[in-house]
Amino acid sequence: MIVSMPPAWVLLVYALAVARLTGLATTDKITQPLRAALVSRVNPHNRLHRGLVYVVGGVNDDADGCPWCASIWIAAAVAPIAWLWGTNPWFAIPALLLAFSQATGMTAHINRG
């Protein structure tokens with residue numbers, strides 16, 4: 001069975017959604033307590049702990065994660081959804097929500113005057 005490539009707008013929406021999810025996973029203050037809880041559940045003497053702290057950040061407010069590193073894992077989860085079910089409303093509507101949020105964040109500091 002051959003599956004055709006999704007339209008360009010679908011790929012753009014999901015790319016923006018990945019960018020927003022990456023920000024949530026690595027740097028946004030609203031998810032900092034979740035990141036801290038995740039990191040605290042892993043044994044600090046385990047190698048996984050060091051990698052997890054590097055990718056998602058540490059337990060304090062000034063230790064952001066690595067968006068570049070996290071984005072590959074998030075994109076790996078999102079890519080098959082975008083490819084196979086990109087226009088399905090159950091996936092497209094949350095992706096649009098995330099894409100609109102990302103676009104707003106990207107343009108929030110543009111001089112409007």
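Basis for what follows: all heavy atoms, side chains included, without hydrogens, waters or symmetry-related copies. Treat the numbers as computed from the prediction; the structure is a model and nothing was measured.
- No continuous path of hydrophobic side-chain contacts links Leu34 to Tyr54 [ILVMFWY only; heavy atoms under 4.5 Å].
- Atoms OG1 and CD, from Thr26 and Gln32 in turn, are 12.0 Å apart once rounded to the nearest 0.5 Å.
- Using a cut-off of 4.0 Å between Lys/Arg side-chain N and Asp/Glu carboxylate O, Arg35 and Asp28 are scored as not salt-bridged.
- Using a 4.5 Å heavy-atom threshold, the side chains of Val18 and Thr22 count as touching.
- The nearest pair of heavy atoms linking Ala75 to Pro80 is O-CD, 4.4 Å.
- The neighbour count for Ile72 CD1, taken as heavy atoms of other residues, nucleotides or ligands under 6.0 Å away, does not exceed 12.
- Here the side chains of Leu16 and Met106 are in contact, with some heavy-atom distance below 4.5 Å.
- Here the CH2-OG1 distance, from Trp9 to Thr87, works out to 6.5 Å after rounding to the nearest 0.5 Å.
- Listed here is the closest heavy atom pair of Pro6 and Leu11: CG-CD2, 4.0 Å.
- Under the 4.5 Å side-chain contact rule for hydrophobic residues, Ile74 and Leu12 do not share a cluster.
- Atom-to-atom distance recorded for Tyr14:OH and Ile81:CD1 is 7.5 Å, nearest 0.5 angstrom.
- Looking only at side-chain heavy atoms (C-beta outward), Met5 and Val10 stay at 4.5 Å or farther from each other.
- Hydrophobic clustering, with ILVMFWY side chains joined whenever heavy atoms are under 4.5 angstrom apart, groups Leu21 together with Val13.
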